[in-house]
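Below is one structure; the comments refer to it alone.
All of these numbers come straight from a predicted model, not from anything done at the bench.
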Amino acid sequence: MSKSSAARRVPEKPSLAGVEAKFSERWKTEGVYIFDRSATRDRVFAIDTPPPTVSGSLHMGHVFSYTHTDTIARYQRMRGKDVFYPMGWDDNGLPTERRVQNYFGVTCDPSLAYVANFEPPFRGNPPKDHRAVPVSRPNFIELCDQLTAEDEQVFEDLFRRLGLSVDWSLLYTTISEHARRTSQRAFLDNLARGEAYTQEAPTLWDVDFGTAVAQAELEDRERPGAYHAVSFHGPNGEVIIETTRPELIPACVGLVAHPDDSRYAPLFGKKVRSPLFDVEVGVYPHALAQPDKGTGIAMICTFGDLTDVIWWREFDLPTRAIVGRDGRIVAEAHGAIVGEAARSNYAILAGKSVKQAQAAIVEMLRSSGDLKGEPRAITHPVKFYEKGDRPLEIVTSRQWYIRNGGRDESLRNALLARGEEMTWHPDHMRHRYSNWVEGLNGDWLISRQRYFGVPIPVWYRVAADGQPDYDSPIVPGKAKLPIDPSTDVPDGFTAQQRGVAGGFVGDPDVMDTWATSSLTPQIASHWVDGDDLFKRVFPMDMRPQGHDIIRTWLFSTMVRSHFAHGGIPWKRAALSGWILDPDRKKMSKSKGNVVTPIDLFDKYGSDAVRYWAASARPGVDTAFSEDQMKVGGKLATKLLNVTKFVLNFECIEKSAPSSGPTNDQNSGVTELIDLAMLARLNAVVADATTAFEDLDYARALERTESFFWWFCDDYVELVKTRAYGRVSADGAPARAADCSPDELSARHALYRALSALQRLFAPHMPFCTDEVWSWWQDGSVHRAEWPTSTEQRGASKDSEILLDTASTVLSEIRRTKTEAKVSQRAKVSEVVVTCDASQAEAVANAHSDLVKAGSVAELSTISGSTLAVAVTLAQVS
RNA sequence: GGGCGCUUAGCUCAGUUGGUUAGAGCAUCUCCCUUACAAGGAGAGGGUCGGGGGUUCGAGUCCCUCAGCGCCCACCA
């Protein structure tokens with residue numbers, strides 16, 4: 001490329017319009033971000049990308065955190081790393097099911113047969129009074145596949161528009177054949193090693209979704225409730241308990257009080273009888289009972305809450321469940337309810353929802369005289385499934401678990417130690433992890449009674465009595481994966497043997513979505529196929545994610561990696577913050593959807609939106625700010641303008657970034673002030689590099705940006721007159737051949753700084769930097785070499801004094817003109833700088849530039865201890 | 001109840017082993033069409049760094065303590 005052709009590529013009127021489409025297309029066709037899978041592990045930087053859930057739309061939170069990751073990816077790429085940066089779509093699981101139900105107006109009924117060429121009743125926005133149409137499981141899954149494919153295209157378009165430097169050829173989805181195979185294989189490995197097991201146990205249950213849920217998916221919500229004082233009938237009179245769930249009285253299997261509570265000590269070991277149902281239950285002492293709660297003595301029910309489960313287990317109490325999986329009181333009273341009055345009381349409750357049953361039982365207690373006083377209204381925290389709408393119940397059911405240290409001290413300690421092996425960004429996030437692991441109270445429940453997920457890949461033999469044998473499941477061969485045990489038949493059986501005595505039955509459940517997404521490093525690297533890609537990228541370098549899913553995604557990934565590979569899945573975790581409303585409240589979904597990312601891209605440009613995101617410190621919750629986007633837009637425009645200006649000067653060379661070490665890096669730069677500017681830039685490069693190595697994209701940006709504005713406002717202003725050289729008649733700068741060495745020095749320095757600045761900004765603002773780069777360089781800036789501090793001469797104290805002094809004198813001249821309300825072009829008759837010797841030397845070295853930049857007639861210095869600048873404006877006639 | 005984070009200008013935030021007079025952007029005000037940029041530029045005003053105590057020659061920075069805000073976890077009768 002010749003210099004003149006380079007110059008000709010500079011547009012007359014630089015503009016950011018259309019850069020996103022232009023470069024998205026160019027990056028795609030030129031494969032700028034393609035991962036070289038022949039790279040060895042030491043040359044690779046691997047990112048375990050969070051796969052967004054495909055159940056709605058991407059919002060500003062995604063834009064925010066994915067931008068952070070992308071800046072790191074781009075930096076590493078420019079450093080010469082082969083960046084493994086896949087994208088994944090989490091299209092597996094409940095959120096997708098729910099979206100499909102709402103979008104098409106259907107519901108899954110596994111008992112129905114498949115209908116070919118099925119047409120759903122609606123495509124988007126079914127009317128409110130529409131009753132969901134039941135469809136077969138295969139039809140339902142087809143609809144899931146259809147809708148996720150459409151959603152995923154929209155997601156990809158948005159991420160391309162945002163400028164993510166993802167290698168799209170590495171795309172994975174969590175419901176794909178490959179992900180199902182990986183997930184089932186990992187599960188079977190866990191099973192073979194004894195890390196997965198099945199057990200019948202009390203389980204947290206969402207009655208609306210009809211599925212078990214895991215500890216990690218719980219959340220508390222404050223709900224109104226009421227204390228009901230209820231009388232139990234003891235040998236020596238009544239025992240008053242207080243309960244928020246009187247409807248569970250028929251499920252009561254005991255009473256419990258603190259061992260030290262003298263009020264109840266005489267009752268320990270004695271029996272009392274429940275009101276209305278006349279069931280005899282024991283009174284037990286236990287340290288978990290709190291004397292100051294209610295009356296200090298509580299019902300143990302099967303099951304009202306998790307503490308009930310603990311007591312039930314420890315005292316080996318009977319199971320007298322009354323709440324069914326549909327959330328209603330079961331029809332048949334359990335065997336302990338025997339009396340006629342008791343049975344007819346129960347009959348009133350049978351079939352009612354929990355809420356209705358409570359109202360009914362309060363009336364019954366009131367008329368029987370067992371309700372003491374009126375209920376006292378309170379609000380209290382109640383456990384919900386995080387995606388659910390009704391409080392969780394606890395029902396007994398058979399489920400699959402993966403060990404996670406919740407019931408095993410040594411495993412817990414091993415997982416805690418794994419957390420210590422990693423680097424956390426920010427560091428304090430490690431506490432979230434250890435806090436969670438230390439607080440686990442059970443193993444990881446992975447089975448879900450749902451449809452659109454990865455099936456649990458096992459069958460059970462059916463004994464002669466028709467009961468499945470859960471203790472020794474039949475597992476498929478690895479080559480057969482993925483399987484669906486509801487349709488596939490295990491080796492040695494025929495389809496006719498399904499469900500019959502002596503035959504087999506498939507496990508009906510699917511795995512929790514985290515059971516698959518905990519394998520993203522393995523899925524993305526095709527571990528299950530024995531692909532050598534795995535050993536080139538694993539353990540990965542970086543796991544970016546939100547801090548809200550440390551307990552789910554991060555922890556579960558750690559568990560799987562610990563079991564499967566005996567090590568951590570990545571070296572570092574980068575936890576991003578939240579987006580907050582401008583009023584500092586956590587940004588609500590509804591508000592987040594009002595301002596869509598695309599609108600903001602249109603309004604400010606992708607680079608400007610990225611600038612806002614990249615300005616936020618890693619891990620810090622950040623207010624949504626269109627003002628910051630405006631600032632980013634200004635920065636991008638400024639970069640265009642200053643590039644155009646600098647390239648306006650013909651130079652001997654184009655400051656190739658990758659010139660070899662034998663070249664004199666400051667070739668052609670002779671003036672001290674030019675060298676000083678390059679030295680300052682050198683320090684900025686070093687700072688930005690250190691910051692990026694620490695994943696601190698924000699600091700890198702801030703350092704670069706503040707240098708950049710100083711460069712534009714002071715340095716360029718100081719040297720521009722010199723850089724022009726002898727201006728020709730039409731006002732154009734002098735040709736390079738006609739320039740003196742000091743004039744060329746300015747031009748060389750400007751070129752070098754420009755080249756470095758464009759590269760320094762490239763990770764943050766990929767579109768405008770590639771645009772300006774393309775005006776004078778070959779190839780994409782995103783494949784250019786990251787600037788190194790050896791490209792410029794090292795900083796020195798003298799050079800900083802030179803620049804600071806020159807800047808101070810210049811701004812004093814400006815201030816004088818501004819305060820005198822005259823144009824900055826106004827002539828200055830005299831400037832006298834009072835300063836010390838080193839500053840005097842600085843003024844001498846910047847003398848001719850200062851004089852030109854300030855239109856100064858006389859510039860002199862006098863000796864003094866403190867720097868002072870006296871500016872005398874020329875008289876205006 | 002346990003853990004973690006935050007508190008610096010009207011607003012949003014920097015401030016990296018303690019080191020001149022605490023910075024930036026936005027907002028406000030003033031001025032300037034200036035030949036890269038008026039969708040610009042040059043300037044100004046504005047802070048007892050949450051309160052108190054301590055260490056130190058020196059504290060926004062380290063220690064103690066109190067307060068407010070936020071988050072995570074536990075509790076849930």
Quiz item: NA contact type, A:T307, heavy-atom cut-off 4.0 Å: base, sugar-phosphate, or nothing?
Solution: sugar-phosphate
Quiz item: Considering only B:G41, B:U34, B:A42, which nucleotide approaches the side chain of A:W709 most closely?
Solution: B:G41
Practice problem: Check every strand shown and say whether A:N648 touches a base, only sugar-phosphate, or nothing at a heavy-atom separation below 4.0 Å. | Solution: nothing
Quiz item: With a 4.0 Å cut-off on heavy atoms, is A:C712 in touch with a base, just the backbone sugar-phosphate, or nothing at all?
Solution: base
Practice problem: Sticking with atom C1', work out how far B:C62 lies from B:C13, rounded to a whole angstrom. | Solution: 23 Å
Quiz item: Is A:S811 touching bases, backbone alone, or none of the nucleic acid, heavy atoms closer than 4.0 Å?
Solution: sugar-phosphate
Exercise. Describe the nucleic acid contact of A:K821 in one word from base, sugar-phosphate, nothing, applying a heavy-atom distance below 4.0 Å.
Key: sugar-phosphate
Quiz item: Should A:K638 be listed as having a side-chain N or O under 4.0 Å from OP1 or OP2 of B:A39?
Solution: no
Quiz item: Which comes earlier along RNA chain B counting from the 5' end, the contact point of A:M429 or that of A:Y724, where each point is its nearest nucleotide?
Solution: A:M429
Exercise. Tell me what A:A698 touches on the nucleic acid: a base, only sugar-phosphate, or nothing, going by heavy atoms under 4.0 Å.
Key: nothing
Quiz item: Which part of the nucleic acid, if any, lies within contact of A:R825, taking any heavy atom under 4.0 Å across all strands shown: a base, the sugar-phosphate backbone alone, or nothing?
Solution: base
Quiz prompt | RNA chain B stem ranges, 3 or more consecutive Watson-Crick or G-U pairs under 3.5 angstrom | solution = B:1-7 with B:67-73, B:10-13 with B:23-26, B:28-32 with B:40-44, B:50-54 with B:62-66
Self-check item: Presence of donor-acceptor pair under 3.5 Å, side chain of A:E717 and base of B:A36
Solution: yes
Quiz item: Any side-chain N or O of A:R617 under 4.0 Å from OP1/OP2 of B:C13?
Solution: no
Practice problem: For A:V631, answer base if it contacts any base atom (sugar-phosphate contacts may also be present), sugar-phosphate if it contacts only those atoms, and nothing otherwise; contact means non-hydrogen atoms under 4.0 Å. | Solution: sugar-phosphate
Quiz prompt | Pair of N/O donor and acceptor under 3.5 Å linking B:C11 base with A:D627 side chain | solution = no
Exercise. Would you indicate what A:Q290 reaches in the nucleic acid, counting non-hydrogen atoms under 4.0 angstrom: base, sugar-phosphate, or nothing?
Key: base
Practice problem: Answer with base, sugar-phosphate or nothing: what part of the nucleic acid does A:E12 contact at a heavy-atom distance below 4.0 Å? | Solution: nothing
Self-check item: Cationic N near anionic O, under 4.0 Å, A:D696 to A:R703
Solution: no
Exercise. Please check the phosphate of B:C73 (OP1 and OP2 only) for any side-chain N or O of A:R551 closer than 4.0 Å.
Key: yes
Quiz item: Heavy atoms under 4.0 Å, any strand shown: does A:K634 hit a base, just sugar-phosphate, or nothing?
Solution: sugar-phosphate
